[in-house]
Amino acid sequence: GVQTCALPICDSVMLGAADELRALGFKVDAQESRQSYKGPSLLRRQGTSLPANVVVHLGTNGTFPLDVCKRIVRTAGQSRRVFLVTVHVPRSWMKGNNKVIRACDEAFAADRVHVIDWNSAVAQHPSWLYSDRTHLKPAGQRGFAALVSSEVERAVRQARADALASASGTGKASLIG
């Protein structure tokens, strides 16, 4: 499946959902208190083993500068899809980081960078979080993993459909059976 080709780079929020993500086939690189500036070097360390889909959930523990976000996407490389997960944390930097994530998404081709809106999902399911309003209860772990998995799957399916349509030469896909 698609998930075996995805690597989340993240902080303690996704660390809470690591078992659920691994059960869905994701490789997980999560660490408590991880700062966004570590993102590019974490991707570089993966080298050629970096999978086709890279999920990035950074910005919970401090600011996420736009130049760092763009470096993460560029470091991932042209042939990879990058999924930027919005943050939900009761801190002064949350809104700014989520704006940066959206601006970073807009700076690249639509098929290359995708936003996964965790902040909106949590707003609809506040019971997924512990009283710190950041870290995941078991239901939140499942919800987080399901959201990430479904968004990666959706983007991969769309890319396949676009490739098929493009290959047909008409912009529309034809199946002959």
Side-chain angles (χ1 to χ4, degrees), residues 2-3 5-14 17 21 26-30 34-46 50-125 128-129 133-134 143-167 171-173:
V2 171
Q3 294 87 345
C5 302
L7 171 72
I9 301 288
C10 46
D11 55 29
S12 62
V13 173
M14 197 182 290
L21 287 162
F26 286 90
K27 276 176 39 181
V28 179
D29 183 342
R34 182 171 275 164
Q35 297 292 319
S36 61
Y37 71 87
K38 297 272 192 181
S41 64
L42 292 168
L43 294 180
R44 270 193 300 280
R45 269 193 292 195
Q46 292 288 325
L50 191 64
N53 300 297
V54 178
V55 180
V56 178
H57 189 218
L58 296 170
T60 300
N61 297 302
T63 59
F64 192 179
L66 183 58
D67 68 305
V68 172
C69 189
K70 288 179 177 179
R71 272 189 285 141
I72 287 170
V73 174
R74 285 193 297 268
T75 301
Q78 291 281 345
S79 64
R80 293 183 180 88
R81 278 181 288 277
V82 177
F83 296 83
L84 302 171
V85 183
T86 62
V87 298
H88 183 85
V89 59
R91 298 284 186 265
S92 60
W93 54 79
M94 181 182 83
K95 283 185 182 178
N97 285 357
N98 287 338
K99 284 181 183 178
V100 163
I101 287 166
R102 294 189 188 289
C104 188
D105 170 53
E106 292 171 11
F108 295 92
D111 61 341
R112 185 163 173 215
V113 179
H114 307 268
V115 173
I116 298 175
D117 197 351
W118 173 241
N119 188 44
S120 290
V122 168
Q124 295 172 20
H125 303 281
W128 284 359
L129 303 178
R133 298 190 327 251
T134 303
F144 188 96
L147 176 66
V148 169
S149 180
S150 68
E151 290 297 312
V152 171
E153 286 281 357
R154 186 184 59 73
V156 170
R157 276 194 312 273
Q158 184 62 52
R160 287 179 182 150
D162 291 348
L164 181 60
S166 177
K172 294 182 181 178

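Starting from 1, each residue takes its place in the sequence as its number.
- Within a 6.0 Å sphere centred on CZ of R133, other residues, nucleotides and ligands contribute 12 heavy atoms or fewer.
- Among all heavy-atom pairs drawn from L58 and F64, the shortest one is O-CD1, 3.4 Å.
- No side-chain heavy atom of K95 sits under 4.5 Å from any side-chain heavy atom of N98.
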List the atom pairs, donor and acceptor, that lie under 3.5 Å between side-chain atoms in residues 77-92 and the rest of the protein, sequence neighbours left out.
| unit_1 | atom_1 | unit_2 | atom_2 | d |
| --- | --- | --- | --- | --- |
| R80 | NE | L50 | O | 3.0 |
| R80 | NE | P51 | O | 3.1 |
| R80 | NH1 | A76 | O | 2.6 |
| R80 | NH2 | L50 | O | 3.1 |
| R81 | NE | N53 | OD1 | 2.9 |
| R81 | NH2 | N53 | OD1 | 3.4 |
| T86 | OG1 | D117 | OD1 | 3.0 |
| T86 | OG1 | W118 | N | 2.9 |
| T86 | OG1 | N119 | N | 2.9 |
| H88 | ND1 | N119 | OD1 | 2.7 |

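- In this structure, CG on N97 lies 11.0 Å from CG on L66, to the nearest 0.5 angstrom.
- Residue T63 holds its OG1 atom at 11.0 Å from OH of Y37, rounded to the nearest 0.5 Å.
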Distance-only check: which donor-acceptor pairs under 3.5 Å involve side-chain atoms of residues 103-115, not counting sequence neighbours?
| unit_1 | atom_1 | unit_2 | atom_2 | d |
| --- | --- | --- | --- | --- |
| R112 | NH2 | V73 | O | 3.1 |
| H114 | NE2 | D111 | O | 3.4 |

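- For the pair D29 and R34, the salt-bridge criterion is met [side-chain N within less than 4.0 Å of a carboxylate O].
- Proximity of T134 to L129: side-chain heavy atoms (C-beta onward) are nowhere separated by under 4.5 Å.
- Listed by chain and residue number, E151 satisfy the side chain to side chain donor-acceptor pair (under 3.5 Å) test with R154 (two or more places apart in sequence, or in another chain).
- Taking the side chain as every heavy atom from C-beta outward, P65 and S36 approach each other to under 4.5 Å.
- For the atom pair M94 CE and K99 NZ, the distance stands at 11.0 Å (nearest 0.5 Å).
- Summarising the geometry, atom CZ belonging to R74 is positioned 8.0 Å from atom CZ belonging to R71; distances are rounded to the nearest 0.5 Å.
- For the atom pair N61 CG and K38 NZ, the distance stands at 12.5 Å (nearest 0.5 Å).
- Judged purely by atom type and a 3.5 angstrom limit, S149 has no side-chain atom pairing as donor or acceptor with the backbone of A145.
- A donor-acceptor contact shorter than 3.5 Å links the side chain of S150 to the backbone of A146.
- Using a distance-only test at 3.5 Å, with no hydrogens or angles considered, a donor-acceptor pair links the side chain of W93 to the main chain of T60.
- Taking both residues in full, the closest heavy atoms of V54 and L43 are given as CG1-CD2, 3.7 Å, listed atom of the first, atom of the second, then distance.
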